[in-house]
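Read through the structure below, which is laid out as structure tokens, and then see the notes.
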Amino acid sequence: MPLIAFASPKGGVGKTTIAAHVAAILARRGYKVIALDLDPQNALRLHLGVSIREEGRFLSSLPSRPLWRDCVVETESGVRLLPFGPQDPLGTLELAVALTQEPALLADPVRDMLATPDNIVIVDSPPGPNAALTAVTSMLDLLVLVLLADGGSAAIIPQIASNRFLGRGTLASRSADRAVVVLNQVDDAEPLSDAVVEMAQAALGKRLIGAVCRDQALAEALADRRMLVEGEEGAGEDFQLLADAIVKRVRLPGADPQTYQGLFEWRQP
Ligand SMILES: Nc1ncnc2c1ncn2[C@@H]1O[C@H](COP(=O)(O)OP(=O)(O)OP(=O)(O)O)[C@@H](O)[C@H]1O
Ligand SMILES: [Mg+2]
């Protein structure tokens with residue numbers, strides 16, 4: 001079943017916000033969603049409405065090879081969360097070394113999650129290159145790159161369009177094939193934002209799979225431990241459209257919370 005990662009070259013662009021909302025929307029539509037946090041900031045749980053006192057952990061305890069099923073935190077959104085867990089900076093560096101030497105520490109449990117026919121695994125990554133995302137890159141069905149509609153993105157978009165941003169050679173361009181882009185914090189009132197959206201559309205074509213408007217309601221919702229999953233006007237509606245695009249892109253069959261039996265086959269022969 002599909003493995004979908006949210007990533008970005010830069011920090012603070014909205015990866016965690018978007019990953020959490022797409023995961024929750026898919027769960028509401030009846031899919032079985034696992035949200036896997038690869039970021040030591042351990043923030044995905046907060047975006048999924050889990051209490052800051054929740055002490056669950058998965059990534060931070062990987063070197064002791066936990067069973068992923070034992071680490072699942074059930075959330076009100078219906079998404080099953082594998083939190084990063086608490087970790088100090090030295091532990092983060094040690095984990096990166098361990099994953100670089102032995103990617104199977106993470107690749108094996110993720111392969112096991114994907115072997116369960118009706119699981120969708122949604123990954124939230126830290127900004128920039130990192131050992132955890134690299135450990136699962138070969139299994140990715142979709143790499144969703146989140147960029148802001150700003151001048152910095154204007155410099156990155158051509159690299160994405162030419163499949164060069166993951167490095168050179170056949171392996172990099174094979175992964176790049178599965179990479180799509182979402183522009184976040186789009187603001188119609190800003191000429192630069194408008195120009196970046198137009199540029200991205202021209203350069204990326206169908207690989208631009210969504211745009212999310214700048215919406216103050218997101219900060220308020222996060223503070224209240226709520227999510228915009230009902231298609232509210234603004235970012236809520238944009239998240240729904242993005243979820244539609246992802247479902248189409250990874251060829252998931254329709255799922256309905258009432259009739260869903262968990263026996264679908266998403267991959268066409
Ligand atoms: N469309 C949006 N409109 C308004 N605010 C937004 C939007 N998207 C994200 N934000 C806000 O931007 C901040 C950063 O978002 P988020 O934490 O999701 O980014 P990130 O890419 O995961 O960051 P990091 O690289 O640190 O993991 C948050 O305060 C979030 O509420
Ligand atoms: Mg984040």
Side-chain angles (χ1 to χ4, degrees), residues 4-25 35-50 52 58-60 75 77 79 81-87 89 92 95-96 121-134 136 143-150 152-153 156 160 165 179-190 192-194 196-197 200 208-243 245-246:
I4 300 164
F6 288 81
S8 71
K10 288 190 179 186
V13 296
K15 294 175 293 298
T16 307
T17 305
I18 297 176
H21 279 88
V22 167
I25 287 168
L36 170 59
D37 192 352
L38 303 186
D39 188 341
Q41 293 180 87
N42 198 22
L44 183 58
R45 63 197 173 128
L46 305 179
H47 288 259
L48 285 168
V50 171
I52 197 152
F58 179 57
L59 255 281
S60 66
T75 71
S77 64
V79 173
L81 169 68
L82 287 168
F84 189 97
Q87 193 165 64
T92 302
L95 177 64
V121 181
I122 293 198
V123 169
D124 180 33
S125 355
N130 68 89
L133 187 60
T134 303
V136 299
L143 177 63
V144 184
L145 294 164
V146 180
L147 302 178
L148 293 180
D150 66 0
S153 304
I156 296 166
I160 297 173
F165 70 104
V180 293
V181 171
V182 173
L183 289 176
N184 189 25
Q185 302 230 24
V186 173
D187 186 341
D188 283 344
E190 265 185 37
L192 176 61
S193 176
D194 232 24
V196 173
V197 174
L208 178 66
I209 63 161
V212 179
C213 68
R214 181 173 296 150
D215 189 343
Q216 185 57 31
L218 274 171
E220 289 157 17
L222 183 60
D224 294 346
R225 283 172 46 193
R226 283 185 297 108
M227 302 188 77
L228 308 186
V229 289
E230 313 222 9
E232 297 94 327
E233 204 178 310
E237 189 179 17
D238 292 334
F239 291 142
Q240 294 283 347
L241 294 171
L242 177 58
I246 288 174

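Whatever order the structure lists ligands and atoms in, that order sets their numbers, starting from 1.
- Looking from atom 5 (N) of ligand 1 to the surrounding protein, the closest heavy atom is Gln185 NE2, 3.7 Å.
- Closest to atom 25 (O) of ligand 1 among all protein heavy atoms lies Lys15 NZ, 2.7 Å.
- For a distance bound of 2.8 Å, the N, O or S atoms of Thr16 include one lying that close to the Mg ion (ligand 2).
- When only non-hydrogen protein atoms are considered, atom 19 (O) of ligand 1 lies nearest to Gly14 N, 2.9 Å.
- Applying the 4.0 Å criterion to heavy atoms of Asp39 picks out, from ligand 1, the atoms 27 (O).
- Taking the side chain as every heavy atom from C-beta outward, Leu59 and Leu95 approach each other to under 4.5 Å.
- Between Val13 and ligand 1, at least one pair of N/O atoms sits closer than 3.5 Å.
- Asp224 is not listed as a side-chain neighbour of Leu222, based on a closest heavy-atom distance of 4.5 Å or more.
- The atoms of ligand 1 that sit less than 4.0 Å from any heavy atom of Gln41 are 24 (P), 26 (O), 27 (O).
- Annotation: Thr16 places an N or O atom under 3.5 Å from an N or O atom of ligand 1; distance criterion only.
- The heavy atom nearest to atom 14 (C) of ligand 1, considering only Ala19, Ala20, Gly12, is found in Gly12.
- For Lys10, no nitrogen or oxygen atom sits less than 3.5 Å from a nitrogen or oxygen atom of ligand 1, counting backbone and side chain alike.
- Residue-ligand proximity, Val212 to ligand 1, at heavy-atom distances under 4.0 Å covers atoms 1 (N).
- The 12-atom threshold is not exceeded at CD of Glu233, counting heavy atoms of other residues, nucleotides or ligands nearer than 6.0 Å.
- Any N or O atom pair closer than 3.5 Å counts here, and Arg214 shares no such pair with ligand 1.
- In this structure, the side chains of Ile18 and His21 stay at 4.5 Å or more apart for every pair of heavy atoms.
- For Leu218, every heavy-atom contact with ligand 1 shorter than 4.0 Å involves the side chain, none the backbone.
- At least one N or O atom of Asn184, backbone or side chain, sits closer than 3.5 Å to an N or O atom of ligand 1.
- Among the candidates Thr75, Leu44, Val79, the single residue satisfying the side-chain contact (heavy atoms from CB on, under 4.5 Å) test with Val50 is Thr75.
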side-chain hydrogen bond (donor to acceptor under 3.5 Å, both in side chains) evaluation trace for Asp124 with Thr16: CA-CA 6 Å; Asp124 180 33; Thr16 307; 2.7 Å; yes

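- Considering only non-hydrogen protein atoms, atom 30 (C) of ligand 1 sits nearest to Thr17 OG1, 3.8 Å.
- With ligand atoms numbered from 1 in the order given, ligand 1 contributes 25 (O) to contacts under 4.0 Å with heavy atoms of Gly11.
- Considering Val144, Leu208, Ile160 as possible partners of Val180, the one that fulfils the side-chain contact (heavy atoms from CB on, under 4.5 Å) test is Val144.
- Of all heavy-atom pairs between Ser125 and Lys15, the closest is O-CE, 3.2 Å.
- Scanning all protein heavy atoms for the shortest distance to atom 29 (O) of ligand 1 gives Leu222 CD2, 5.0 Å.
- Under a 4.0 Å N-O distance rule, the pair Glu190/Arg214 qualifies as a salt bridge.
- The N/O atoms of Ser125, backbone and side chain alike, include none that comes under 3.5 Å of an N/O atom in ligand 1.
- Within the 4.5 Å cutoff, no side-chain heavy atoms of Pro129 are placed close to those of Thr134.
- Nearest protein heavy-atom contact of atom 3 (N) of ligand 1 is Asp215 N, 2.8 Å.
- What sits closest to atom 17 (O) of ligand 1 on the protein, heavy atoms only, is His47 NE2, 4.1 Å.
- Here the closest non-hydrogen pair linking Leu145 and Ala179 is CD1-CB, 4.2 Å.
- Using a 4.5 Å cut-off on side-chain heavy atoms (C-beta onward), Asp188 and Asp194 make contact.
- Residue Cys213 approaches ligand 1 through these ligand atoms, each under 4.0 Å from one of its heavy atoms: 1 (N), 2 (C), 3 (N).
- Between the side chain of Ser77 and the backbone N or O of Ala24 there is no donor-acceptor pair closer than 3.5 Å.
- Ligand 1 lies less than 4.0 angstrom from a heavy atom belonging to Pro127.
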